[in-house]
Amino acid sequence: MADEALFLLLHNEMVAGVYKSAEQGEVENGRCITKLENMGFRVGQGLIERFTKDTARFKDELDIMKFICKDFWTTVFKKQIDNLRTNHQGIYVLQDNKFRLLTQMSAGKQYLEHASKYLAFTCGLIRGGLSNLGIKSIVTAEVSSMPACKFQVMIQKL
């Protein structure tokens, strides 16, 4: 339980630090989100490398997505993804009804516009993990009501 609290605090400070340094340099919001996503990308690559060293090869991309939703998400966020949907054409939607990084914020709509900066790191985390498993993707997140969020993963075919 203590490690979860440390992760939440570290994440909040990381977001605050990136935005604070941007304020001093008058940098726009998009660069901050990109910086947070790139941090998540590198962390995701390292975590997947560590988590899959003793697992068998995956059969297909659906198997990889199931691994992300169950094992990877459980290790990082202490719960599985609540819902995984796909159109079987390279688009996956991962839904977390009580996303840990948003539960500290209001359950109302008053902080909805700030949610994107708290989701950028996780988008990068997913993208980095998939990248290290050989899948190039674009990951976006949307929040309609806090703390539930949906991550959309679009697989890019080579």
Side-chain angles (χ1 to χ4, degrees), residues 4-23 27-48 51 61-157:
E4 181 182 348
L6 290 174
F7 174 67
L8 292 173
L9 289 170
L10 176 65
H11 181 266
N12 287 341
E13 284 302 311
M14 193 171 50
V15 171
V18 166
Y19 276 85
K20 190 172 198 165
S21 68
E23 269 179 21
V27 179
E28 72 270 5
N29 188 32
R31 281 196 184 161
C32 295
I33 288 177
T34 301
K35 189 172 187 176
L36 287 167
E37 188 176 347
N38 287 337
M39 287 177 179
F41 182 83
R42 180 61 195 110
V43 171
Q45 283 183 317
L47 287 175
I48 280 292
F51 297 159
E61 76 183 26
L62 182 60
D63 254 7
I64 292 172
M65 292 307 295
K66 287 179 182 177
F67 176 81
I68 295 288
C69 292
K70 291 179 183 176
D71 301 324
F72 183 74
W73 211 261
T74 300
T75 305
V76 176
F77 297 109
K78 307 293 186 233
K79 68 183 278 299
Q80 291 183 6
I81 282 286
D82 295 310
N83 195 353
L84 169 65
R85 293 180 188 254
T86 181
N87 66 354
H88 297 290
Q89 295 175 357
I91 296 179
Y92 296 88
V93 177
L94 291 67
Q95 183 172 342
D96 192 334
N97 294 327
K98 195 172 179 188
F99 187 56
R100 296 231 188 261
L101 299 179
L102 294 179
T103 54
Q104 301 298 320
M105 298 170 78
S106 172
K109 291 189 181 256
Q110 69 190 80
Y111 295 113
L112 205 53
E113 72 254 14
H114 298 290
S116 62
K117 57 180 149 181
Y118 291 94
L119 297 173
F121 180 81
T122 307
C123 288
L125 199 68
I126 296 168
R127 196 171 60 86
L130 290 172
S131 170
N132 223 11
L133 293 172
I135 295 178
K136 189 174 181 188
S137 63
I138 297 172
V139 181
T140 57
E142 73 176 57
V143 177
S144 53
S145 66
M146 303 267 267
C149 68
K150 292 180 183 177
F151 295 94
Q152 182 175 5
V153 179
M154 290 188 297
I155 306 298
Q156 296 182 308
K157 303 291 182 197

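Because the structure is predicted, anything quoted here is derived from the model rather than measured.
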TODO: Please indicate whether K98 has more than 12 foreign heavy atoms, meaning atoms of other residues, nucleotides or ligands, lying under 6.0 Å from its NZ.
DONE: no
Open item on the list: When you compare the side chain of N38 with that of R127, does any pair of heavy atoms fall below 4.5 Å?
Closed with: yes
Task: L94 side, atom CG; Q152 side, atom CD - distance, nearest 0.5 Å - done: 10.5 Å
Task: Member of F51, F67, F151 meeting the ring pair (Phe, Tyr, Trp, His ring centres under 6.0 Å) criterion with W73 - done: F151
Task: Test item: M65 and V153 side chains (from C-beta on) under 4.5 Å apart, heavy atoms - done: yes
Open item on the list: Do S131 and Q45 have side chains that approach each other closer than 4.5 Å (heavy atoms only, starting at C-beta)?
Closed with: yes
Open item on the list: Tell me whether N132 contacts the main-chain N or O of I48 through its side chain, where contact means a donor paired with an acceptor under 3.5 Å.
Closed with: no
- [ ] Would you indicate whether the side-chain heavy atoms of D96 and K79 approach each other to under 4.5 Å?
- [x] yes
Open item on the list: Take a 6.0 Å sphere around NZ of K70 and say whether it holds more than 12 heavy atoms from other residues, nucleotides or ligands.
Closed with: no
Open item on the list: Could you tell me if the side chain of I91 sits less than 4.5 Å from the side chain of Q89, heavy atoms only?
Closed with: no
TODO: State, yes or no, whether a side-chain contact exists between V139 and L125 at a heavy-atom distance under 4.5 Å.
DONE: no
Task: Contact check, side chains of F121 and V15, non-hydrogen atoms, under 4.5 Å - done: no
Open item on the list: Is the shortest side-chain heavy-atom distance between Y92 and I68 below 4.5 Å?
Closed with: no
